[in-house]
Each structure stands twice: as C-alpha cells, then as structure tokens.
Visitor: 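This structure is in structure tokens; I'll ask about it shortly.
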Amino acid sequence: QVQLQESGPGLVKPSETLSLTCTVSGSSISSYYWSWIRQPAGRGLEWIGRIYLRGSPNYNPSLKSRVTMSVDTSKNQFSLKLRSVTAADTAVYYCSRDVGSTHSTPWGQGTLVTVSS
Amino acid sequence: QSALTQPASVSGSPGQSITISCTGSSSDVGGYNYVSWYQQHPGKAPKLMIFDVNKRPSGLSNRFSGSKSDNTASLTISGLQAEDEADYYCSSYTSSRTLVFGGGTKVTVL
C-alpha cells in the first residue's frame, strides 16, 4: 500500500523560503511522477508542479519563477521549495503520486503552512 | 492557466442522480482524454474517483461515472447517498504538460 507523508515547518516568515518534504512508502520514487498541490483555507485545489527522476519537472506557470522540486532516491523522498513567500502562499500543501502524469493517487494527509511574521 | 469552471454547488435527494459539469478549453479538457475527478470530505485529503474521463479506480463504487463532450466533462453520481456529501474537483491535463483543477463543487444530500 502506497503512503505519502508531508513534513516541514508549519510557519514561515514573509519573503523567506517554504521547504517541504514528502516521504514515500510502498512505492519506489524512481518509478513515478510526484506532485505537489495546495489548498488555501476554504478554497479550491491548485496544482503546483510535478517531478520525475529521469525527466524535467513541470511547474504551474503562475508559480514557476519561485518553485523548485527535487528527488532524493536514497531516502525515497521528494521536496518542494517555494521562494519569496507571502500571505497568499498560506495553504494546506499536499503531496501525491502522479500516474501517467495525468492524475494523482494516493495523496498525503496534507500539512498546513502559514506565512506570517 | 485558467481554472476549469464548475458549478459552486449541486444538491439532490437520497437515491437521485446528480451531474457535475467541468468546462475548460481545447487546450485542456477538449484536447485530451485525461480528465479526472476527486472527492474531498472536510478536513481530509482528496480521493481519486474517476480518471481518463470515465475510468474508475479498482474497488470504487460504480455509482460514480464520468463522460466528456467537447470542452465539457461531467461526473454523475447515481443513487445518491449521505456519504456522497463532499466537495468534488475536476482536473485536466493541459497542452503545457501541466495539470489544472476546477474551482470545486459542493454536493449536498438533502
């Protein structure tokens, strides 16, 4: 059974970098695409981007200038860095496994990141 | 990329059928058979319900079905049950090799 777990600071200061890690169990991180999706409180889902070990990442054009994703095969983890954050980046951040780069399953439980001084 | 358009809310009585629409463009919904649907209960992570327009993940109830016509995809829930009350999001692959979500639809079981 594939499981994903997000981890990282729950509070980030404005203008700093948000850093999250997703730990994958039950599946090799080398075999799939992996995505990050976020959801501000009371609002809809926003796709942030996806990464594949053997290819170039794809990012949401609206976030592309601030996002970097990476994979750590030794730990079966992948990571998200979002630079120069503002209050608008406050959201629950989910990691997920992409199947065929067209749909996501399963998802992690999500982690709330608040941007505030 | 612009979010796909979904109705804000849809409601129905137990046992009825409801349909949620998801409208995009020829660059996403209309251009690919890669529309998926997710169910999200309050405080929970989204769950995949339909992928590739009309395919169900293994073990998922056949009360959920998907279809597509031109730039609009649809999710139909038949035999509506209390546990179907949740938010539903559509998603589509795009010509930019990204994914885009709809704004979400709140389903209420009356």
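Chain naming here is simple, since letters A, B, ... match the order of the sequence lines and numbering starts at 1 in each. The figures that follow rest on heavy atoms only: side chains count, while hydrogens, waters and symmetry mates do not.
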Visitor: Between Y38(B) (side chain) and S104(A) (backbone), is there a donor-acceptor pair under 3.5 Å?
Guide: yes

Visitor: A3(B), P46(B), P57(B), G102(B): which one forms the most heavy-atom pairs within less than 4.5 Å of chain A?
Guide: P46(B)

Visitor: Are there more than 12 heavy atoms of other residues, nucleotides or ligands under 6.0 Å from atom CG of D72(A)?
Guide: yes

Visitor: Nearest 0.5 angstrom please: S92(B) OG to H103(A) NE2, how far?
Guide: 13.0 Å

Visitor: Walk me through it: do V99(A) and F51(B) pass the test side-chain contact (heavy atoms from CB on, under 4.5 Å)?
Guide: CA-CA 10 Å; V99(A) 181; F51(B) 66 98; over 6 Å; no

Visitor: Is there a chain of hydrophobic side chains (I, L, V, M, F, W, Y, each step under 4.5 Å between heavy atoms) that links L112(A) to I48(A)?
Guide: no

Visitor: To the nearest 0.5 Å, what is the distance between CG (N60(A)) and OG1 (T94(B))?
Guide: 9.5 Å

Visitor: Please flag which part of K44(B) lies under 4.5 Å from any non-hydrogen atom of chain A: side chain, backbone, both or neither.
Guide: backbone

Visitor: So which atom in L99(B) and which in T102(A) form the shortest heavy-atom distance, rounded to 0.1 Å?
Guide: CD2-O, 3.7 Å

Visitor: Where on Y34(B) is there a heavy atom nearer than 4.5 Å to chain A: the side chain, the backbone, both, or neither?
Guide: both

Visitor: From W107(A) CH2 over to L48(B) CG, what is the distance, rounded to the nearest 0.5 angstrom?
Guide: 9.0 Å

Visitor: Does atom CZ of R63(B) have more than 12 heavy-atom neighbours from other groups under 6.0 Å away?
Guide: yes

Visitor: Name the region of Q40(B), side chain, backbone, both or neither, that has any atom closer than 4.5 Å to a heavy atom of chain A.
Guide: side chain

Visitor: Which one, I37(A), L45(A), V92(A), leads in non-hydrogen pairs under 4.5 Å with chain B?
Guide: L45(A)

Visitor: Test side-chain contact (heavy atoms from CB on, under 4.5 Å) on Y89(B) and Q39(A) and set out the steps.
Guide: CA-CA 12 Å; Y89(B) 294 90; Q39(A) 184 174 35; 3.1 Å; yes

Visitor: Show the nearest heavy-atom pair for residues A45(B) and G108(A), with the distance to one decimal.
Guide: CB-O, 3.2 Å

